[in-house]
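So the structure is just underneath, and the comments pick up after that.
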Amino acid sequence: MRSVTYSMGVSLDGYIVGPDGDFNWSEPDDEVFRFVTDEIREVGVHFMGRRLYETMLYWETADQDPSLDESMHEWAVLWKAIPKVVFSTTLSAVQGNARLASGTVAEEVERWRAEPGEGVIAIGGATLAAEVGASGLIDEYRARVYPVLVGGGIPFFPRGERRVDLELLETRTFSSQVVYLRYRVAR
């Protein structure tokens, strides 16, 4: 059965986006970017909300951008190939290798888990991850912790989340002082 992962960059004080909507502090250096590229190779489908979908839409055609360096081009090609399921109550259509969700997030996760195929089910965006986490469907939490305090914004973990015990699987410290933490949900 496919596992469900939630992986994002996060400030040390726990936010994926600052109070002003800015997340430029999480721009990866070359080493972290290679790591994220390797991580995206594991993804079989990516679930995301409207905001993340709109932020990532550029990458659906970025492989045609001649100004991209080799590593960014590689990432664009990998991203474009991944099927995406977008959860939105305001969008009527999506572009690229994406479709609007036809059911609840729990129904979509169960559908993808039941289908044959490889790769993890990646959850993108804190709001969607909160819903999936509340349903007990996340198997792994993966955080790239950036050495910055942003003072507010959109939290990596929602307030009022139920207790979830975790088992540490992996840590890594990058030369940029970003720390990767990978946890499995203890069941």
Side-chain angles (χ1 to χ4, degrees), residues 1-10 16 23 26-49 51-53 55-63 68-87 94 96-99 101 105-133 135-146 156-157 164-176 178-187:
M1 183 183 319
R2 291 179 173 190
S3 64
V4 178
T5 64
Y6 173 39
S7 177
M8 294 195 77
V10 59
I16 62 168
F23 56 93
S26 66
E27 186 173 323
D29 66 1
D30 290 342
E31 181 185 21
V32 174
F33 190 77
R34 281 191 306 276
F35 181 82
V36 171
T37 300
D38 288 342
E39 190 177 56
I40 204 75
R41 292 179 206 283
E42 302 173 10
V43 175
V45 61
H46 205 292
F47 289 9
M48 62 186 69
R51 283 184 297 220
L52 184 59
Y53 165 74
T55 299
M56 298 301 290
L57 192 55
Y58 162 77
W59 293 102
E60 290 296 321
T61 57
D63 62 327
L68 288 184
D69 66 24
E70 186 177 321
S71 64
M72 291 238 184
H73 183 266
E74 177 186 16
W75 198 92
V77 168
L78 290 167
W79 179 257
K80 184 176 182 176
I82 296 170
K84 290 118 191 136
V85 179
V86 181
F87 293 83
V94 291
N97 193 7
R99 71 168 176 82
V105 117
E107 290 168 343
E108 290 283 351
V109 167
E110 294 304 331
R111 182 179 308 136
W112 279 89
R113 278 188 165 164
E115 290 180 7
E118 295 187 19
V120 300
I121 299 168
I123 306 297
T127 303
L128 190 61
E131 188 176 338
V132 178
S135 298
L137 296 172
I138 294 179
D139 299 304
E140 286 187 16
Y141 290 89
R142 301 173 180 185
R144 291 177 311 281
V145 182
Y146 285 78
F156 183 85
F157 295 108
V164 178
D165 293 319
L166 304 171
E167 299 170 2
L168 181 64
L169 296 178
E170 181 181 358
T171 64
R172 180 172 173 180
T173 302
F174 296 93
S175 60
S176 60
V178 171
V179 176
Y180 173 70
L181 303 169
R182 179 177 168 215
Y183 288 94
R184 173 178 44 226
V185 174
R187 301 198 197 271

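Throughout, residue positions are numbered sequentially from 1 according to the sequence presented.
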- Message: Could you report the tightest heavy-atom contact between Arg142 and Phe156, atom names first, then the distance?
- Response: O-CZ, 4.0 Å
- Query: Given Phe174 and Tyr180, is the ring pair (Phe, Tyr, Trp, His ring centres under 6.0 Å) satisfied, shown in steps?
  - Reply: CA-CA 8 Å; Phe174 296 93; Tyr180 173 70; 7.2 Å; no
- Query: Would you say Val4 and Glu140 make side-chain contact, with heavy atoms under 4.5 Å?
  - Reply: no
- Look up atom OH in Tyr6 and atom CD1 in Ile123, then write down how far apart they are to the nearest 0.5 Å. 10.0 Å
- Query: Ile40 and His46: which non-hydrogen atoms are nearest, and at how many Å?
  - Reply: CD1-CD2, 4.4 Å
- Evaluation steps, side chain to side chain contact (heavy atoms under 4.5 Å, CB included), between Val85 and Arg99: CA-CA 5 Å; Val85 179; Arg99 71 168 176 82; 4.0 Å; yes
- Message: I need the single residue from Leu137, Val164, Asp165 that forms a side chain to side chain contact (heavy atoms under 4.5 Å, CB included) with Val185. Which is it?
- Response: Val164
- Query: Is the count of non-hydrogen atoms from other residues, nucleotides or ligands lying under 6.0 Å from Phe23 atom CZ greater than 12?
  - Reply: no
- Task: Identify the residue among Val179, Val10, Leu181, Val36 that makes a side chain to side chain contact (heavy atoms under 4.5 Å, CB included) with Arg144.
- Result: Val36
- Message: Show the nearest heavy-atom pair for residues Ser26 and Tyr146, with the distance to one decimal.
- Response: O-OH, 3.0 Å
- Task: Test the Lys84-Trp79 pair against the cation-pi criterion, namely NZ or CZ under 6.0 angstrom from the six-membered ring centroid and within 45° of the ring axis.
- Result: yes
- Item | Donor-acceptor pair, side chain of His73 and main chain of Leu68, under 3.5 angstrom | no
- Query: What is the minimum heavy-atom distance between Gly133 and Tyr141, and which atoms define it?
  - Reply: CA-OH, 4.1 Å
- Item | Spatial distance of atom CD1 (Ile138) from atom OG1 (Thr5) [nearest 0.5 Å] | 8.5 Å
- Task: Salt-bridge test for Glu167 and Arg182: reply yes if a basic N is under 4.0 Å from a carboxylate O, no otherwise.
- Result: no
- Task: Check Asp139 against Arg2 and note the closest heavy-atom contact, atom names and distance.
- Result: OD2-O, 4.2 Å
- Message: In the structure I gave you, are the side-chain heavy atoms of Arg41 and Trp75 within less than 4.5 Å of one another anywhere?
- Response: no
- Item | Atom CD of Glu115: over 12 foreign heavy atoms under 6.0 Å | yes
- Task: Measure the shortest side-chain to side-chain distance between Glu131 and Phe87 over non-hydrogen atoms and say whether it is less than 4.5 angstrom.
- Result: no
- Item | Non-hydrogen atoms of Ser176 and Glu31 that approach each other most closely | N-OE1, 4.4 Å
- Message: When you compare the side chain of Phe47 with that of Pro83, does any pair of heavy atoms fall below 4.5 Å?
- Response: no
- If you measure from the Lys or Arg side-chain nitrogens to the Asp or Glu carboxylate oxygens, is any gap between Arg34 and Glu74 under 4.0 Å? no
- Task: Taking the side chain as every heavy atom from C-beta outward, state whether Phe33 and Met72 have any atom pair closer than 4.5 Å.
- Result: yes
- Give a yes or no on whether Arg51 atom CZ has more than 12 heavy-atom contacts from other residues, nucleotides or ligands under 6.0 Å away. no
- CG of Leu52 to CG of Leu57, rounded to nearest 0.5 Å, is 11.0 Å
- Can you find a pair of side-chain heavy atoms, one from Asp29 and one from Ser175, that are under 4.5 Å apart? yes
- Message: With a sphere of 6.0 Å drawn around CG of Asn97, does it hold more than 12 non-hydrogen atoms of other residues, nucleotides or ligands?
- Response: yes
- Item | Tyr53 and Val94, any side-chain heavy atoms less than 4.5 Å apart | yes
